[in-house]
Amino acid sequence: MNIIRVTFFALVASVFAASCSEEAARTNVIDWEDGQIYFKTTLSAVASSRANDMTLEGLESFQVTCFYSGDIKKDASGIVFPYFEDATFIRTESPTGGLVYSSSPDEELRRWPGGDGKLKFLAFSPSRAAMAADNKAFENQSREPFFNFINNTTEIAALSDVEYALNRVRINPDISRQFDFVTAEAAGERWVDFSNVIDLAFHHQLAQVELRAWGASDTYDFEIAGVRIGNPVVEGTFIFSGSPSLSHQWLTVDNPVKDNVDYLYGDAQLTSDDIITRDKIYFINDAEHNKYSDAASIMGLGGCAMVIPTVNGRWEGLADPNIASTPYATDKMYFSVLMRVTESATGERVYPYSGNPYGMTVVYYAVDKSGTILSRVYPGSKEGEYFSDPALTSYFKGGQDIEIKEFGWAAAPVDADWKAGKRYVYTLDYTEGIGVHDPDDPHPGKPIRGKASISWGVTVSDWETGSKTDVTVPRK
């Protein structure tokens, strides 16, 4: 089962033979006398909430950098060189049963050094290349400054003090293309561990966010076709090891880089056995979604968002002292939902507004009778004329059972205190309101249809299967 347009992390290795000894080493036969370094891993199981949650079964490979505390090699400034850096280890079945990770056949074999051979290993997955691949954040930008190693390791009292980080990890703004970043750290010594396997306990270093929705409104029906997380931190440096106050933490500088992270339905497709599954509009009405337990995920096929742990205050909306600024911008947190609102009694559309008098962002979808989104379309200059591309070069030909529906963004101010390895489920209640105009709209913060802001609550849990809920926080 695959999701199209989602970054995958397994590195496919092509096998080659360099010598008879290396040929044997690159098969399932483990020769402990050969001096190779082997790993075995643990990783907490996670809820099956999206296709690219990293699981132990999905951990095909990882990158390892290690430092040697014996015969230290350093430059004139005292910076200690790694014993090896950014080496790929791939999963291999051991002849005695179980799985181990050994050097990739595309790279040189990684063996224990001579002497006492004391090493400290720092591992992460996915690779730097996989994290950067297909990342919309790099459009019209150079990728060079991102995902680079920072080596501040210096010699202190003839021992290496490991201070090592991955610079400028950038989250993909398209939720369906995001990655799950896991890391591990371990130490080993040749004459103790050469005939054993080094244990690497991986941990999730991002937070996961899911939006759910329900509503008991007897006035409006809601159709949802997209989600947006407004202004999370999207770039940070991950500290693998350093001072006790920084180890295994994110450094996001004084002025963190923030951006919108979203998913518009129809941007991903699920395929299994040549059967294509497309996003369906999520429908809320009073008859079927009139209590909290009726709430369901509105993340579509994009799945839950992966976000850098951060603390961010909520957007003030109309109370923002800069709300009248032109152009208006905010770096505070909010959620926005792409929706179409109709009157329950008449079916008349009330949002987005007919004729779009305010010039707000409107998204058009071609939808069949089952509510399945067939494609996004773009209006032409003539009434009823639509195109399949924003350049308006490919005319869209609909059908008898296809309807063009308009959707607009409706926001809800929230605040965030996200921690690594936690899962945050926000439940939006549309019983009393629709939301407010998105910060990107011409009237940011203005209540839609003059209704009250929607209420919401968040549950926080460990990012593990069957974990207990830590806290539930109702908000208005």
Side-chain angles (χ1 to χ4, degrees), residues 47 49-50 175-176 208-230 232 260-268 279-305 307 314-315 317 333-344 349-352 363 365 367 370-373 405-416 423-438 447-449 451-461 469 472-476:
S49 54
R50 62 173 296 167
I175 292 173
S176 68
Q208 188 183 80
V209 175
E210 179 185 10
L211 304 188
R212 298 182 179 183
W214 71 287
S217 171
D218 57 4
T219 304
Y220 298 126
D221 294 335
F222 300 83
E223 295 172 86
I224 292 174
V227 292
R228 171 179 294 164
I229 299 174
N260 291 341
V261 171
D262 54 32
Y263 174 70
L264 274 65
Y265 287 13
D267 278 357
D279 279 302
K280 281 193 173 185
I281 291 171
Y282 181 77
F283 188 70
I284 299 176
N285 62 20
D286 181 48
E288 299 177 15
H289 303 90
N290 58 11
K291 55 184 182 294
Y292 181 87
S293 60
D294 293 330
S297 176
I298 57 172
M299 304 303 290
L301 293 180
C304 298
V307 293
R314 74 171 67 190
W315 174 44
M333 278 287 305
Y334 66 96
F335 296 147
S336 208
V337 177
L338 189 62
M339 62 170 54
R340 184 175 189 267
V341 185
T342 55
E343 289 186 348
S344 301
R349 176 168 56 88
V350 297
Y351 187 79
V363 177
Y365 284 117
V367 182
S370 70
T372 300
I373 294 176
K405 291 190 173 184
E406 305 95 330
F407 292 80
W409 292 103
V414 298
D415 48 16
R423 185 167 185 263
Y424 299 84
V425 179
Y426 292 83
T427 302
L428 309 178
D429 178 4
Y430 288 97
T431 298
E432 298 179 358
I434 297 173
V436 301
H437 280 269
D438 189 275
I448 296 171
R449 300 287 294 183
K451 299 289 287 184
S453 299
I454 66 170
S455 59
W456 56 274
V458 56
T459 60
V460 186
S461 61
T469 297
T472 300
V473 184
R475 298 290 173 85
K476 180 74 172 181

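- The two residues Ala295 and Thr427 have their closest heavy-atom pair at CB-CG2, 3.8 Å.
- When the ring pair (Phe, Tyr, Trp, His ring centres under 6.0 Å) test is applied to Tyr430, the partners found at least two apart in sequence or on another chain are Phe222.
- Partners of Tyr263 by ring pair (Phe, Tyr, Trp, His ring centres under 6.0 Å), not counting sequence neighbours: none found.
- Separating the CD1 atom in Ile281 from the CZ atom in Phe407 is a distance of 3.5 Å, to the nearest 0.5 Å.
- Residues satisfying the side chain to side chain donor-acceptor pair (under 3.5 Å) criterion with Thr219, sequence neighbours excluded, are absent altogether.
- Remark: Ser293 pairs with Lys291 by the side-chain contact (heavy atoms from CB on, under 4.5 Å) rule, at least two apart or across chains.
- Evaluation of the side chain to side chain donor-acceptor pair (under 3.5 Å) rule for Tyr351 yields no partner, not counting sequence neighbours.
- The CZ atom of Arg340 lies 10.0 Å from the CZ atom of Phe283; values are rounded to the nearest 0.5 Å.
- Atom CZ of Arg212 is separated from atom OH of Tyr282 by 9.5 Å, given to the nearest 0.5 angstrom.
- At least one side-chain heavy atom of Tyr365 sits under 4.5 Å from a side-chain heavy atom of Leu338.
- Counted by atom type alone, Ser336 and Asp438 present one or more donor-acceptor pairs between their side chains at under 3.5 Å.
- Considering all non-hydrogen atoms of both residues, Glu343 and Val350 come closest at CG-CG1, 3.6 Å.
- Listed for the Asp221 side chain is no donor-acceptor partner under 3.5 Å among the backbone atoms of Asn285.
- Considering only residues two or more places apart in sequence or on other chains, Thr342 meets the side chain to side chain donor-acceptor pair (under 3.5 Å) condition with none of them.
- For Ile284 against Gly215, the heavy-atom pair with the smallest separation is CG2-N, 3.7 Å.
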Q.
Let's go through Glu210 and Tyr426 carefully: what are the C-alpha distance in whole Å and the side-chain angles of both, what is the deciding distance for side chain to side chain contact (heavy atoms under 4.5 Å, CB included) to 0.1 Å, and is it a yes or a no?
A. CA-CA 6 Å; Glu210 179 185 10; Tyr426 292 83; over 6 Å; no
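- Here the CG-CD1 distance, from Leu211 to Ile224, works out to 9.5 Å after rounding to the nearest 0.5 Å.
- Across every non-hydrogen atom of Ile298 and Leu428, the tightest pair is CD1-CD1, 4.5 Å.
- Between Lys280 and Ser370 the shortest side-chain heavy-atom distance falls below 4.5 Å.
- Separating the CD1 atom in Ile175 from the CG atom in Leu301 is a distance of 12.5 Å, to the nearest 0.5 Å.
- Listed by chain and number, the residues in a ring pair (Phe, Tyr, Trp, His ring centres under 6.0 Å) with Trp315 are Tyr334 (sequence neighbours excluded).
- Taking CE of Met339 as the start and CD1 of Ile448 as the end, the distance is 7.0 Å to the nearest 0.5 Å.
- Checked against side-chain contact (heavy atoms from CB on, under 4.5 Å), Ala216 has the following partners two or more places apart in sequence or in another chain: Trp214, Asp286, Asn290, Thr431.
- Gly266 and Asp279 get closest at one heavy-atom pair: N-OD2, 2.8 Å.
- In this structure, the salt bridge (Lys or Arg N to Asp or Glu O under 4.0 Å) partners of Asp262, at least two apart in sequence or on a different chain, are Arg228.
- Looking at residues two or more places apart in sequence or on another chain, you find a salt bridge (Lys or Arg N to Asp or Glu O under 4.0 Å) between Glu406 and Arg349.
- Applying the side-chain contact (heavy atoms from CB on, under 4.5 Å) test to Val414 and every residue at least two apart in sequence or in another chain returns Met333, Phe335, Trp456.
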Q: Evaluate the criterion side chain to side chain contact (heavy atoms under 4.5 Å, CB included) for residue pair Asp294 and Glu288; output intermediate values, then yes/no.
A: CA-CA 7 Å; Asp294 293 330; Glu288 299 177 15; over 6 Å; no
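- Of all heavy-atom pairs between Ile229 and Ala305, the closest is CD1-CB, 3.5 Å.
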